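Below is one structure; the comments refer to it alone.
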Amino acid sequence: MKGRLRWWIGGLLFASTVINYLDRQTLSVLGPLLKTEYSWSNQDFALIVIAFRISYSIGQTISGRLLDRIGTRTGLTISVLWYSIAAVLTSFATGLRSFCAFRFLLGAGEAANWPGATKAVSEWFPRRERGWAVALFDSGSSIGAAIAPALVLFLVAQFGGWRPAFVIVGLLGFVWVAIWRWSYQPPERHPRITEEERAMILADRAAERAEAGDAPVAPPRWSELLRLPQTWGTMAARGLTDPVWFMIADWFAIYLAAKGFSLAETAAGFWVPFLAADLGNFFGGGLSSHLIRRGWPVGRARKVVIVGGAFGVLALIPAAFLSSFAPLVACFAVATFSYAAMSTMAISLPADLYQARAVATVAGLSGTAAGLGTIGSTFLIGIVADRFSFTPILVVASFIPLAAAILVIALVRNTAASGRGILKAI
């Protein structure tokens with residue numbers, strides 16, 4: 001770990017994201033079983049998902065602001081403890097209302113993960129490595145989603161019911177908090193960092209501050225941030241792409257069941273789109289970092305990946321009309337790979353564009369935009385799936401990332417405010 005403590009920190013952020021997704025995907029994996037046990041329709045199941053999304057959406061803006069005030073170490077500690085307790089309590093759910101209540105609590109706790117991890121990356125990684133660092137922690141979402149089916153179904157088989165699965169998965173967060181509390185301090189005062197690594201991180205940070213000129217240290221007002229077109233572009237990058245990912249993560253098992261496949265029949269390939277997303281995270285982060293090392297401006301390197309990823313999500317169109325499992329999963333894999341490459345860039349934008357004192361706040365705003373988009377799409381998915389099918393859902397979802405790419409190109413650019421105050425030049 002000598003000289004590489006920042007990657008240990010990145011590994012912890014990856015682990016927290018895996019646990020975060022295991023906790024939320026437990027319900028998604030058990031969706032077909034719970035729908036049968038409680039006689040839920042797709043619209044009923046959508047209400048449970050929406051309960052999570054409401055608190056998750058609002059919580060990202062609140063938690064982002066809080067993280068910029070109380071710090072990364074304390075903020076993520078509170079977050080993981082909160083959602084781990086909520087996950088365990090879900091084992092006491094007895095019907096639609098109690099599931100909605102516990103999922104609301106889970107979403108409120110999980111909301112801080114992405115703003116907190118993005119802030120930690122801005123504190124620990126130089127600009128040329130941030131794409132890789134974001135890819136590392138964001139890949140935890142696809143790894144968690146890939147592991148969840150096997151782990152949850154194993155726990156159900158071992159214990160003869162679904163309730164222990166929520167308890168055991170929820171307990172993982174408590175282990176993570178103990179390691180996090182021992183491991184994390186800002187680089188300027190971390191007792192186990194080498195002087196060479198500390199100097200490298202702080203020199204890059206000083207260079208960023210010099211480019212921005214003198215700026216106050218207090219977090220900026222929301223109104224100040226919302227006057228900047230870059231903030232709206234950052235919000236669009238996630239607000240119009242995350243709903244596509246959550247459509248797959250929340251509904252994939254139910255979609256396969258609607259196609260006539262059972263979880264047992266598809267266990268060998270269920271995880272493939274999520275593994276593809278993991279590869280997409282590293283492809284996007286690696287390609288943009290490579291381009292930056294070759295002298296490309298940060299903004300151009302991010303946008304190339306965003307545009308390419310948007311076109312790749314069009315693979316959802318043939319997936320909507322296929323009935324053979326292997327080709328269907330392959331199309332989903334292309335779409336999730338492309339989405340993840342694009343998403344890694346979208347998550348990187350707050351750290352690319354803003355000084356450290358505003359990173360978590362902007363990440364929280366973009367997370368709220370993503371959550372609001374996901375709430376609306378989830379509500380519509382439940383209605384359309386019950387009344388028609390999943391086909392129009394997939395077709396429409398395939399085009400949404402293209403709109404996001406257009407808005408990023410138009411709004412995320414250097415302006416008169418770039419390189420001054422809170423806004424960096426890209």
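Residue numbers start at 1 and run along the sequence shown. Values in this document were obtained by computation on a predicted structure and should not be read as measured data.
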Can we call the ring centroids of Phe282 and Phe337 under 6.0 Å apart? no
How close do Ala319 and Cys331 get, heavy atom to heavy atom, and via which atoms? CB-CB, 3.6 Å
At their closest point, which heavy atom of Ala370 faces which heavy atom of Thr374, and how far apart are they? O-OG1, 2.7 Å
Going by atom types only, do Ser288 and Arg302 share a side-chain donor-acceptor pair under 3.5 Å? yes
Distance alone, cut at 3.5 Å: any donor-acceptor contact between the side chains of Tyr339 and Asp242? yes
Using salt bridge (charged side-chain N to carboxylate O under 4.0 Å, His left out), reason through Arg4 and Glu197 one step at a time and then give a plain yes or no. CA-CA 7 Å; Arg4 295 281 179 175; Glu197 186 175 19; over 6 Å; no
Shortest non-hydrogen separation from Thr336 to Ala276 and the atoms involved: OG1-CB, 3.8 Å
Should Arg198 and Glu188 count as an ion pair when the cut-off is N to O under 4.0 Å? no
Could you go through the side-chain contact (heavy atoms from CB on, under 4.5 Å) check for Leu328 and Leu256 one step at a time? CA-CA 10 Å; Leu328 184 154; Leu256 292 177; 4.1 Å; yes
Should the ring pair Phe252 and Phe274 be called parallel, tilted or perpendicular, given that the plane angle runs from 0 to 90° and is split at 30 and 60? perpendicular
Is the shortest side-chain N to carboxylate O distance from Asp68 to Lys119 below 4.0 Å? yes
Closest approach of Phe166 and Leu30, non-hydrogen atoms and distance? CE1-CD1, 3.8 Å
Taking Gln230 for its side chain and Arg413 for its backbone only, find out whether a donor-acceptor pair lies under 3.5 Å. yes
Do Val169 and Leu151 have side-chain heavy atoms sitting under 4.5 Å apart? yes
Distance-only, no hydrogens or angles: does the Thr118 side chain make a donor-acceptor pair with backbone N or O of Ala363 under 3.5 Å? no
For Ser122 and Tyr354, run side-chain hydrogen bond (donor to acceptor under 3.5 Å, both in side chains): C-alpha distance rounded to whole Å, both residues' side-chain angles, the deciding distance at 0.1 Å, then the answer. CA-CA 10 Å; Ser122 73; Tyr354 297 90; over 6 Å; no
Is the Trp7 to Phe125 ring centre distance short of 6.0 Å? yes
Which word best sums up how the rings of Phe390 and Tyr255 line up, parallel for under 30°, tilted for 30 to 60°, or perpendicular for over 60°? perpendicular
Measure the CE-CG distance between Met235 and Leu349 for me, rounded to the nearest 0.5 Å. 13.0 Å
NZ or CZ of Arg192 within 45° of Trp182 ring axis and under 6.0 Å: yes
Atom NE2 in His290, atom CG in Leu287: separation rounded to 0.5 Å? 7.5 Å
Can you check side-chain contact (heavy atoms from CB on, under 4.5 Å) on Val175 and Leu171, steps first, answer last? CA-CA 7 Å; Val175 178; Leu171 292 175; over 6 Å; no
If only atom types and distance count, is the side chain of Thr241 paired as donor or acceptor with the main-chain N or O of Ala237 below 3.5 Å? yes
Exercise: do Tyr184 and Glu123 side chains pair donor with acceptor under 3.5 Å: yes
Close side-chain approach of Phe332 and Val272, heavy atoms under 4.5 Å: no
Between atom CD1 of Ile19 and atom CG of Asn113, what is the distance when rounded to the nearest 0.5 Å? 9.5 Å
Is there a side-chain contact between Phe246 and Trp251 (heavy atoms, below 4.5 Å)? no
Flag for Trp245-Ser343: side-chain donor and acceptor within less than 3.5 Å: no
Could you tell me the separation between the OG1 atom of Thr77 and the CH2 atom of Trp180, rounded to the nearest 0.5 Å? 7.5 Å
Audit row: Ile383, Phe388, side-chain contact (heavy atoms from CB on, under 4.5 Å) steps and yes/no: CA-CA 8 Å; Ile383 294 174; Phe388 303 101; over 6 Å; no
Determine whether a donor-acceptor pair (N or O, by modelled atom type, separation under 3.5 Å) exists between the side chain of Ser84 and the backbone of Leu81. no
Distance-only polar pair, side chains of Thr368 and Tyr56, donor-acceptor under 3.5 Å: no
Give a yes or no answer on whether the side chain of Ser41 reaches the backbone of Asp44 with a donor-acceptor pair at less than 3.5 Å. yes
Would you say the side chain of Trp132 lies within less than 4.5 Å of the side chain of Ser348, judging by non-hydrogen atoms? no
Heavy-atom closest pair, residues Asn281 and Ser139: OD1-CA, 3.0 Å
To the nearest 0.5 Å, what is the distance between OG on Ser289 and CZ on Arg130? 11.0 Å
Between Glu110 and Arg24, does any NZ, NE, NH1 or NH2 come within less than 4.0 Å of an OD or OE carboxylate oxygen? yes
Is it the case that more than 12 heavy atoms not belonging to Trp82 sit under 6.0 Å from its CH2 atom? no
Mark yes or no for whether Ser55, through its side chain, and Ala108, through its backbone, hold a donor-acceptor pair below 3.5 Å. yes
Check whether any side-chain heavy atom of Val329 sits under 4.5 Å from a side-chain heavy atom of Phe325, and report yes or no. yes
Has Trp232 got more than 12 heavy atoms of other residues, nucleotides or ligands less than 6.0 Å from its CH2? no
Would you find a donor on one side and an acceptor on the other, under 3.5 Å apart, between the side chain of Ser79 and the backbone of Leu76? no
Ignoring hydrogens, what is the shortest heavy-atom contact between Gly11 and Leu136? Give both atom names and the distance. N-CD2, 3.8 Å
Any donor-acceptor N/O pair, Thr344 side chain to Gly285 backbone, under 3.5 Å: no
If we ignore hydrogens and angles and just use 3.5 Å, is the side chain of Trp114 paired with the main-chain N or O of Asp138 as donor and acceptor? no
Result of checking Phe45, Trp40, Phe52 against Phe99 for ring pair (Phe, Tyr, Trp, His ring centres under 6.0 Å): Trp40
Taking the side chain as every heavy atom from C-beta outward, state whether Leu47 and Arg97 have any pair of such atoms under 4.5 Å apart. no
Non-hydrogen side-chain atoms of Leu394 and Ile317 separated by less than 4.5 Å: no
Where do Val395 and Leu316 land on the side-chain contact (heavy atoms from CB on, under 4.5 Å) test, with the steps shown first? CA-CA 7 Å; Val395 172; Leu316 287 176; over 6 Å; no
Checking the side chain of His190 only, and the main-chain atoms of Ser183 only, is there a donor and an acceptor separated by less than 3.5 Å? yes
Does Phe174 have more than 12 heavy atoms from other residues, nucleotides or ligands lying within 6.0 Å of its CZ? yes
Leu380 side, atom CG; Ile375 side, atom CD1 - distance, nearest 0.5 Å: 12.0 Å
For atom CZ of Arg293, is the number of surrounding heavy atoms from other residues, nucleotides or ligands below 6.0 Å larger than 12? yes
Answer whether the closest heavy-atom distance between the side chains of Thr194 and Leu5 falls below 4.5 Å. no
